[in-house]
Amino acid sequence: MDAASSHCGMNSFPHLLSPLDLGFTTLKNRTLMGSMHTGLEEAENGYDRMAAFYGERAKGDCALIVTGGIAPSEAGRVAKGGSVMDTMEEALHHRVVTKAVHEAGGKIAMQILHTGRYGYHDKIVAPSPLRAPINMFKPHPLTEEEIMRTIEEFATCASLAREAGYDGVEVMGSEGYLINQFIAKRTNQREDDWGGSFENRIRFPLEILKAVRKKVGNDFIIIYRLSMLDLVEEGGNIDEVVYLAKEVEKAGASIINTGIGWHEARIPTIAMMVPRAAFTWVTAKVKGHVKIPLITSNRINTPELAEEILARGDADLVSMARPFLADPMFVKKAKEGKSEEINTCIACNQACLDHIFVGKTASCLVNPRACHETEIVIRPAEKKKKIAVVGAGPGGMSCATTLAERGHEVDLYDASSELGGQLNIARRIPGKEEFNETIRYFRNRIQSTGVRLHLQMKVGADDLIQKKYDEVVLATGVSPRIPAIPGVENSKVITYADLILKSKQPGKSVVVIGAGGIGFDVSLYLTDAGHAFTKENYWKEWGIDPSITQNGGLTTKVETKSDRKVVMLKRSNSKFGSTLGKTTGWIHKTSLEDRKVEQISGVEYKKIDDRGITINTKAGERLIEADSIILCAGQEPKRDLLPELERAGIPVHLIGGADEAGELDAKRAIEQGTKLAAKL
Ligand code: FAD
Ligand code: NAP
Ligand code: SF4
């Protein structure tokens, strides 16, 4: 055995690519870009756009990229029209992608994803005819003949991927997709050789791996993504996981990747409120049982954390997916000792997963160029201008830094003593501390791009007119709306901004007016038990069994009821939480349910007085006694400087909340700021 394979324990297939062949020679090189469906797979000019997207990440020194899932057959597609690789013609389309990555010095593996009962179309298949709780379509149960054909389709797909120039494939065996559906009792009720005992249920992935290895030969990477913690009832336990990992190694896999949680699991696994690196201990449980390298994943978003995980020996390699949307240069910056300059993924899901769930191309809240590399192009300015940006919230910071990067002379003003605008409120919500990273990133970028920053300077139109700017960008944001409720001036009424920024002390019984994103966040803030943000507390709150001896790794939740009584009110009759993010709204809703927060819709506000608030609903008039009433009733744009600047004939641009307060969020503010700056 050579030094490389002995270091990495590659003995079952000594001629396979070892991690060292992949360039995993230092800790910082042991980082992979994990698979993400971006929607580019199906987009117009998708292959060219994927080439630009992945090519940029390869230039950023990522050791190995895994693509979004590509189905081995029509039945395995994510949705109608979803990407499939089952012909040479399809394979040839991918060559532009693999070429771009190889030219940039990178390596790329294609993920083969058969969605099984998760596919969003009417031709879906599964081991048993059981509809997924998150899907309206019921699957057709595969016959034995169809199972054999499906195995063959995986193998053909892998060999076509090789023809397309990929360096390997990842066989997706986790997250509750088809392979996982065969493995778990929950979804496999077959009585033939593919169901019943655990040995029978894992036959499907093992036969796939053997068939793939046979077809692609030995000098091709096969990653198997193994569900190590299902987080659903009738899921697996650690003994089964270890047994499967050993069999996967024997069947021909080169590397095992960690999968955590099925899509239908009711436990958050990658959202912002999940502590960082909350699952590497799961991979560590498999360490030592196999000789091939193990990859760990989930909520790992800084190089320091990745280093720590590798140094501790939880895994041999670290996979990050969303962090590469946020910053294509992640690895390069880490290698150069510039991790402070990394644009950190804050795990908000707002522009990546939430987009995919509504059929939009993915992007990134903190980096709107992600997956739009060919559309948002930042070029040096043709004519250098003197530009003022008023407001250093996310909109103003992204605009000012992009303008300066293009060569403009930029002054950025803010009345506050700190950068970040309303992100300074968001970052104080328990579980939203990641917004600190966005502010840190922009603080460094302001310095490196040469933006002249003026904090604690509330500017008036006169100041701007006197300084003779060529252009002025108003990123002055919003102010909390004060609804016209009789008695709203009562001293027990506090705006969300004053509650959090001025640390006003609410009483033990609180009414929250408004149930948008801010109403939910404020209710979480009010009912937070003050527990440290650790993985141990997170396991207790969500009912995760750290021994994984119970099926699916589930256990009983520890009660999180708050000692403060909170009632949320809203006027409309729609469901509470219907305006929240697709992939995170359910988490906020569950947390507030667990904390016994009362929610009343269809409310008419009658009056506020020293006793509390009187409302009218279908059930009649009711007084809700309260010590404090928090206003989260939306926002109004702040653009009072606009008329005077326009009268002075200065070209003025509005972005973020100053432009439109309705449906405002940091995603829109940053995108608008970047896009405006790209064209000024
Ligand atoms: P703002 O952030 O409001 O910044 C405007 C800045 O302009 C302020 O700093 C202000 O001091 C300055 N300014 C105003 N007038 C002047 C002047 N005359 N001179 C100098 N400076 C001036 N969004 C998300 O996308 N995801 C979330 O999870 C999220 N969570 C949130 C949680 C809470 C509790 C809150 C309150 C907001 C949250 N948001 C979230 C919303 C997000 O913070 C805002 O949408 C975003 O900050 C708006 O950006 P902006 O740049 O338009 O303005
Ligand atoms: P919002 O989502 O528009 O919610 C405003 C709430 O106030 C609604 O519940 C509305 O409900 C109520 N309201 C509006 N006008 C009112 C009035 N005149 N009197 C009484 N109630 C009134 O806005 P937001 O909660 O202020 O959040 C602002 C933005 O920040 C949002 O667009 C959101 O995207 C973003 N944000 C995002 C997150 C996130 O996690 N992604 C978190 C926080 C904030 P009724 O009309 O039914 O009463
Ligand atoms: Fe990360 Fe949010 Fe960007 Fe998605 S949108 S990559 S979660 S920062």
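In what follows, residues are counted from 1 in the order of the sequence shown. Whatever order the structure lists them in is the order used to number ligands and atoms, beginning at 1.
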(message) Under 6.0 Å from the ring centre and within 45 degrees of the ring axis: does the NZ or CZ of Lys458 meet both conditions for the six-membered ring of Tyr413?
(response) no
(message) On the six-membered ring of Tyr469, is Lys386 placed so that its NZ or CZ lies under 6.0 angstrom from the centre and within 45° of the ring axis?
(response) yes
Nearest candidate to [atom], where distance is taken over non-hydrogen atoms, out of [options]:
atom                    : options                        : answer
atom 46 (C) of ligand 1 : Ala497, Pro394, Ala426         : Pro394
atom 17 (C) of ligand 2 : Arg571, Lys667, Glu604, Gln635 : Arg571
atom 4 (O) of ligand 2  : Ala633, Ala271, Gly514, Gly516 : Gly516

Between [X] and ligand 1, which part of the residue brings a heavy atom under 4.0 Å of the ligand: side chain, backbone, both or neither?
X      : answer
Lys432 : side chain
Gln422 : both
Val522 : neither
Thr476 : both
Leu365 : side chain
Asp414 : both
Ala669 : side chain

(message) In this structure, does ligand 1 have an atom that sits under 4.0 Å from one of the heavy atoms of Gly517?
(response) no
(message) Between ligand 1 and Phe435, can you find any atom pair, the residue atom being a heavy atom, that is separated by under 4.0 Å?
(response) yes
(message) Glu434 and salt bridge (charged side-chain N to carboxylate O under 4.0 Å, His left out): which single residue from Arg322, Arg276, Arg440 fits?
(response) Arg276
Given that the side chain starts at C-beta and the backbone is N, CA, C, O, which of these parts of [X] lies under 4.0 Å from ligand 2, counting heavy atoms, or is it both or neither?
X      : value
Lys432 : side chain
Phe520 : neither
Ser601 : neither
Leu664 : backbone

Would a search of protein heavy atoms around [atom] find one under 4.0 Å away?
atom                    : value
atom 5 (C) of ligand 1  : yes
atom 39 (N) of ligand 1 : no
atom 43 (C) of ligand 2 : yes

(request) If you have a sec, work out which protein heavy atom is nearest atom 23 (O) of ligand 2 and how many Å separate them, to one decimal? (result) Gly634 CA, 4.3 Å
(message) Please check whether Tyr605 reaches ligand 2 - meaning an N/O of the residue sits under 3.5 Å from an N/O of the ligand, judged on distance alone.
(response) no
(request) Would you mind listing which atoms of ligand 2 come within a distance below 4.0 Å of any non-hydrogen atom of Asp521? (result) 42 (C), 43 (C)
(message) So if I count the atoms of ligand 2 from 1 in the order they appear, which ones are less than 4.0 Å from some heavy atom of Gln350?
(response) 41 (N)
(message) Under 2.8 Å from atom 4 (Fe) of ligand 3, is there any N, O or S atom belonging to Cys348?
(response) no
(request) Tell me, please: is Tyr496 in heavy-atom contact with ligand 2, that is, under 4.0 Å? (result) no
(message) Please confirm whether Ala515 approaches ligand 2 to less than 4.0 Å, judged on its heavy atoms.
(response) yes
(request) Looking only at distances, please establish whether an N/O atom of ligand 1 is found under 3.5 Å from an N/O atom of Val459. (result) yes
(message) I need the contact type for Ile346 against ligand 3. Using non-hydrogen atoms and a strict under-4.0 Å cut-off, is it side chain, backbone, both or neither?
(response) both
(message) Is Cys345 close enough to atom 1 (Fe) of ligand 3 that one of its N, O or S atoms comes in under 2.8 Å?
(response) yes
